[in-house]
2 protein chains.
Amino acid sequence: MNLARARSTPDLLLDAAERLFAERGFDATSLRDVTRRAKANLASVHYHFGSKKGLIHAVIQRRLDPLNRERLRRLDLVARRGRPELQAILDAFLAPTMSVWQENPHFMRLAGRILSEPDRDLLDFFLAQFDEIVVRFRAALVRAVPDAPVEELFWRMHFVIGAMCHTWTASDGLEKISGGRCRIGDGEKALRRLVDFCTSGFRAPLNGKEGR
Amino acid sequence: MNLARARSTPDLLLDAAERLFAERGFDATSLRDVTRRAKANLASVHYHFGSKKGLIHAVIQRRLDPLNRERLRRLDLVARRGRPELQAILDAFLAPTMSVWQENPHFMRLAGRILSEPDRDLLDFFLAQFDEIVVRFRAALVRAVPDAPVEELFWRMHFVIGAMCHTWTASDGLEKISGGRCRIGDGEKALRRLVDFCTSGFRAPLNGKEGR
DNA sequence: GTCTCATTCAAACGTTTGTTTATGAACCTC
DNA sequence: GAGGTTCATAAACAAACGTTTGAATGAGAC
């Protein structure tokens, strides 16, 4: 038997699928592509995951679950220190995405794309994973920016999410457009830029007037 | 003959394709879907556009060309008034997308999705439409924020683009997550929120320190 | 009237797709 | 070691895909 523990078929399928889905998209990746890369049989997808959609869901959940748990863990640390700082909240939300991106850039590219997915089922499944995140981060934001209407907070988090997704999914577009000037590099600097931009954007005056 | 001038087959194909591509995505939309909706023959796509890819390119170019011309026109107006204001530059870049969204929400949803497209050919074709935009807006930004390194300007425009795309493509996700609190409505208010957020984000202190 | 050109049309092409089936090997339980 | 469960495998399924073909149609030009 090998010293390196042999990976199970489901894991091999998930790895292959994650990679291919990220590179080519869900529709452009056939189950034959996945099983070929995983060195598994075509029917094994249906045996372990029921269908192609089941495989997609599993790919998403495997990474999204720890990611969102880490977000909540960090938010807890922030909230425990008294009235939460806006920047610390945004950092708790954004920094874990950078960690995931570092360990596995494929998944973050994939996740960013799902939010603009036309497939309603898939989008709903994805959003359902954020129920607790929404509640907890909203509460923290209300405490950090008490003079802003909740509606405004949602809009600004919407912009934050847009900037975040674009950062991890389209950063090669940035490299191309900037003529190679901007490279995402190790992610740390990109994260700091992202957090700074979002924090400052979040502090925009309310109602177009200067903040009171 | 009809009073309303009969539209040509290519136009009918473009309309149908734009709608369906936006609703279901490129891969999930078959040429049979398109021709059925356009009440045209299946082969007409290849006759007029050469291939499915040709049709996709035509759909994109038809809207993107006027959109980017309008951006440049507005930027000209801003630059002619002396040293350009940051907010005016961002408005010149962002406001036309709202106009397009109002006339044709389908296309903006589609455009936002292309930036996270896995298909390199398609992405390259899309980005190539922005060559002049990049040059002109970069020059304006350099004048408006002279103490920022060009690299920083590119990064911040990257975040702006992310927030913008997310606004027009995923605003129903916002509505769902916010529990119906946030509706995009007529677009005017969303645009103002977006411009305010981006302007403020763009003014984030440089290098993590307070701006000089 | 006839020739010419652009366009439309129905039908078929060969692939590829997700999914299902039937068989067999490997393994654990008692 | 018999019986049963779990997983792997090859083969087949019907459906849908982008694309091509060759004939039919229509309107102007001469």
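The basis for the numbers below is simple: all heavy atoms, side chains too, and nothing from hydrogens, waters or symmetry mates. Here is how names work: the chains are called A, B, and so on, in the same order as the sequence lines, proteins then strands, and each is numbered from 1.
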Numerically ordered, the residues 12-22 of chain B set in heavy-atom contact under 4.0 Å with DNA chain D is none
Using whole Å, report how far [atom1] of [X] lies from [atom2] of [N].
| X | N | atom1 | atom2 | result |
| --- | --- | --- | --- | --- |
| D11(B) | dT7(C) | CG | P | 13 Å |
| H46(B) | dC9(C) | NE2 | C1' | 15 Å |
| D119(A) | dG18(C) | CG | P | 14 Å |
| R24(A) | dT16(C) | CZ | P | 13 Å |
| Y47(B) | dT7(C) | OH | C1' | 5 Å |

Check whether any side-chain N or O of H48(B) sits under 4.0 Å from OP1 or OP2 of dT8(C), and answer yes or no.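 True: H48(B) side-chain N/O within range (under 4.0 Å) of dT8(C) OP1/OP2.
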Using 4.0 Å as the upper bound for N to carboxylate O, is an ion pair formed by [Y] and [X]?
| X | Y | answer |
| --- | --- | --- |
| R193(A) | E151(B) | yes |
| D91(A) | R192(A) | no |
| E175(B) | R181(B) | no |
| D15(A) | R19(A) | no |

Under the 6.0 Å and 45° cation-pi test, does R71(B) pair with F93(B)? yes
So, do H158(A) and H166(B) have ring centers that fall under 6.0 Å from each other?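 Centroid distance H158(A)-H166(B): below 6.0 Å, so yes.
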Within residues 31-44 of chain B, which residues have any heavy atom lying less than 4.0 Å from an atom of DNA chain C?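 Here the set is R32(B), N41(B), A43(B).
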List for me each residue that meets side chain to side chain contact (heavy atoms under 4.5 Å, CB included) alongside [X], sequence neighbours excluded, and say none if there are none.
| X | result |
| --- | --- |
| R36(A) | R32(A), D33(A) |
| R203(B) | E85(B), L86(B), T199(B) |
| E117(A) | F26(A), I114(A), D119(A), L122(A) |

Nearest nucleotide by nearest heavy atom, which residue falls closer to the 5' end of DNA chain D, T9(A) or A28(B)?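 With A28(B) and T9(A) compared, the 5'-side residue is T9(A).
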Taking R156(A) for its side chain and A204(A) for its backbone only, find out whether a donor-acceptor pair lies under 3.5 Å.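 Yes; judged by distance alone, with no hydrogens or angles, the pair exists.
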Nucleotide interval of DNA chain D bounded by contacts with chain B (heavy-atom cut-off, under 4.0 Å): dC17(D) to dT21(D)
Is it true that, when you exclude R183(A) itself, more than 12 heavy atoms of the residues, nucleotides or ligands shown sit nearer than 6.0 Å to its CZ?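 At most 12 heavy atoms, drawn from other residues, nucleotides or ligands, come within 6.0 Å of this atom.
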